[in-house]
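See structure below.
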Amino acid sequence: MSTPHVLLGLLAIGPKHGYDLKRDYDLRLPKAKPLPYGQVYATLGRLERDGLVVRAGQDREAGPDRTSYAITPSGQAALDTWLSAVEPPLPHLNSVLLAKVIITLLVADLSRARDYLSRQRQAHAARLRELTAVKTDPTASVADVIAADYGINHLDADLRWLRTTLDRVVDLHREVTAR
Amino acid sequence: MLLRFALAGSRTDTIRVVLTGLSAALATLAVLAALTVLAIPTVLDGGRNVSPQYRNPLIAEAGLRVGVAATLVLLTIPVLVLAGQCARFGAPARDRRLAAFRMAGAGPRQAVVIAATEAALASGLGALAGLGIYLVGRQVLGSPGPDGKLALPTDVLPPVWQLAVVVAGIPVLAGLIAMLLLRRVVLTPYGVVRRVRTRPPRPWAGLLILGGLGTAALLAPLTRYLLRSGRSLPYDLFGLAVLVAALAVTVGTITGTGWIAHVTGRLLHRFARRPAGLLAARRLMADPWTGSRTLAALLAAVLFAAIASGVRIRMSTEFAADAEYWRRDAERTGEPYIPQDTTFYEGAHDLVYLALTVALVIAAGGLLVALAESIVSRRRELAALVATGVPRAVLGRALAWQTLTPAVAGIVLAAVTGITLQRSLYGGEVRSNWGTVCGASTTDCVVLPPIVRTAPLPLGDLAGFVGVALAVVLTLLLVSLLLLRTSTAVEELRTA
Amino acid sequence: MSFLGTRAAVKSYGPTPALRGVTVDVAEGEILAVTGPSGCGKSTLLHCLAGIMPVDAGEVFYRGRRIDTTSEEERARLRRTEFGVLFQFGQLVAELTAAENVALPLLLAGARRRDARTAALAWLDRLGVADLADQRPGTMSGGQQQRCALARALVTEPRVLFADEPTGALDTLAGEQVLGQLVRLAREQRTTVVLVTHDARVAGYADREVTLRDGVVDPTGLGIAAVRR
């Protein structure tokens, strides 16, 4: 997630205090990893340094909380570039799941790898049910639903990967231990 | 290549191919029999053309043989209807296969050609089988009886070129019929779009029936009027008018059954309390033509049977009136009265009845095919209904309603219009009037009063034919109920 | 003994085994997903549990009674009154309107036409397809057909709903709508659901999941060849 660009986008609607910015972030991107305050101010500082945002005003009681920020024309340009750029689709195949299976086969044995895959599958399935419940909650917003969908489809992909990997784990073990 | 495609089918395709072949074999047999009868050489015997080697006068008398041959050729009509219905059997599966051909790059015409090739090939095999049965049958039935006479003309063979034309012609005809039947089907790579008539039928059929009957009813007074003014209706024109009337009434009866089916469906839908009635009503309304189309051959047979029984009863009334007339004449002159021998004519009528019964049975074959097709093509739906707990008895009752309603209505309609047509043409009154009759001497001449009789309605014979037709329909219904049992097996749910 | 289940159920189609000793338990009010790759026997298990098909060996029970030993008439009555069934497609009668299709189970139970229609319209309304009441299935989309089929499965207020790949023929969004309604209505009515699917995203709607592999329950839930070795 490119936090600076998301914050630029949120500021493009109008100037905001750091506190409002964090609240807006949590509202617009539900179920995302929560954004700590510290990171909001650190990011704003870097954006100000690069001339992408400016301080737009300060309340009487001075302090970082009370400073509101506004996007600059060059900030707007940076946002535009980001919005129209295509993200590289999955440039690196580094997943904890993938790494764990290989290392397990390297340091332990087949049954340990199988046991891990099986437990991981159960955890994935449980999380998938959780997200489905979020989605089918009558009070869910569209943002909630599409966020849950994102997770559900990725979990589904992982689950299919887990299944085929278990089918190939014997061959993988042979390959890993041969080198 | 086309051959491989045409024969690459499933179980229902196999059934269809076998049935098509079977009906082609039947048609071949009928045509060959007709040709044989026509090929009999005649011997001149005192001014009469006869072939004395045969026991049966219908074959022995040259003048009657044309009629026999015509009857045999007419018998091929229900056989051809049967073949047409066979082509529809398993149509959904075949249509899917044809769609797959289109998907694989075959043009729309090619796909139709493949279907027609299938029909032609199956009929070709059937025609060859029919020829084989014919040739073997000649040998088996060929020995003369104890009186030295033959029961059938097994001693003659039509010219080889005629045999070849029949065996080659029937497959070609079958292929053309298949193409004709597929004309309503649009083959796209994504499946089959069957253009169906969705408009409910209108009572035009009634007009056809009334028009036909009216024409027939006008003919008798017209002839009388012309006779009185010394003219007469040309014989050809009279025959043509009768033919048109008969055709109009037949087509009217068949389409009328569709209308009746639709109306009964509507009534049933309004008043049915139970699910079986509701299902049957909706099916009758959704496609009232299926019933009449499948019944077409049966209804035509009943219609002709009704006409034939009317003609027969009129003839026997005529014989009775004549007998009475000549008995009185004999009484008057004191000569012994010798009744006329009418067994020959009775025999001829028996033969006509036999032919009509055979036609009924063949028509029943077509009905069975149609019933089986309607069950097989909806077997998934039926199996799903049984799975949700719909008792098979309910489905059976729905099938019974749906089959019997148009069948009973159509058979009764056909019988009534048939007898009405015959009555309109000839009337019920029979006069035996030979004018001046003379005894042994020319001076002994008197004018005997004519004997007038009214031919009764042929209720007995008519009831017989209607009974046979209904029995046939009921038997087929029972057979299809058995088929329903196997088609609702839960395994059908697996063939998604 | 639980609400619904099998004990060592065995079922073959000719020489092909479909179930080779399956024991499952379904709790009352739970939504159970039966998953596994195609050909694993999950549809067969549903057919046996619903009493559509008898088992060759083993037991099937429902509410403390064995249903594998009862007659077909009795099982048909059970399916008609206590169970609802939803298939992938092709279960609606093509000639009947949506309302008539939904009313059919009530008519079979002896309801009057007027009452059955009223109830059917209410269910079509609950599923958001009330405007299709007088249309035939052929003129509806796949999703609309499945919603009518769901209405028909639920109109008798069954205790158990059996759904065999109910969204298998639908696109994702239409499938989601049908599944969402299925789960919502099942929870409202406290209906037990047995949901057969090969799709983990569909199984996600369930409370619990049982995975079959080659006709047996796969304890790892992964449904993979490795389990056999």
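Lettering follows sequence order; numbering is per chain, from 1.
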Interface moiety of C:Ala50 toward chain B, non-hydrogen atoms closer than 4.5 Å:
neither
Using the test salt bridge (charged side-chain N to carboxylate O under 4.0 Å, His left out), find all partners of C:Glu100 that sit at least two apart in sequence or belong to another chain.
B:Arg282
Within residues 143-158 of chain C, residues adjacent to chain B where the heavy-atom gap is under 4.5 Å:
C:Arg152
In terms of heavy-atom pairs under 4.5 Å with chain B, which of C:Leu96, C:Leu92, C:Val85 leads?
C:Leu96
Which region of C:Leu78, side chain (C-beta onward) or backbone (N, CA, C, O), has a non-hydrogen atom less than 4.5 Å from a non-hydrogen atom of chain B, or is it both or neither?
neither
Contacts satisfying salt bridge (Lys or Arg N to Asp or Glu O under 4.0 Å) that involve residues 402-414 of chain B (not counting sequence neighbours) are none
Find the one option among C:Gln91, C:Arg112, C:Arg113 whose heavy-atom pairs under 4.5 Å with chain B are most numerous.
C:Arg113
In terms of heavy-atom proximity below 4.5 Å to chain B, should C:Glu73 be classed as side chain, backbone, both, or neither?
neither
To the nearest 0.5 Å, what is the distance between CZ (C:Phe83) and OG1 (B:Thr388)?
13.0 Å
When you compare the side chain of B:Pro391 with that of C:Arg80, does any pair of heavy atoms fall below 4.5 Å?
yes
Is the shortest side-chain heavy-atom distance between B:Val390 and C:Arg79 below 4.5 Å?
no
If you check every heavy atom in residues 102-109 of chain C against those of chain B, which residues fall under 4.5 Å?
C:Leu104, C:Leu107, C:Leu108
For B:Leu385, which atoms come within 4.5 Å of any heavy atom of chain C: side chain, backbone, both, or neither?
side chain
B:Ala272 portion near chain C, given a 4.5 angstrom heavy-atom threshold:
both
Please state whether the side chain, the backbone, both or neither of C:Arg136 comes within less than 4.5 Å of a heavy atom of chain B.
side chain
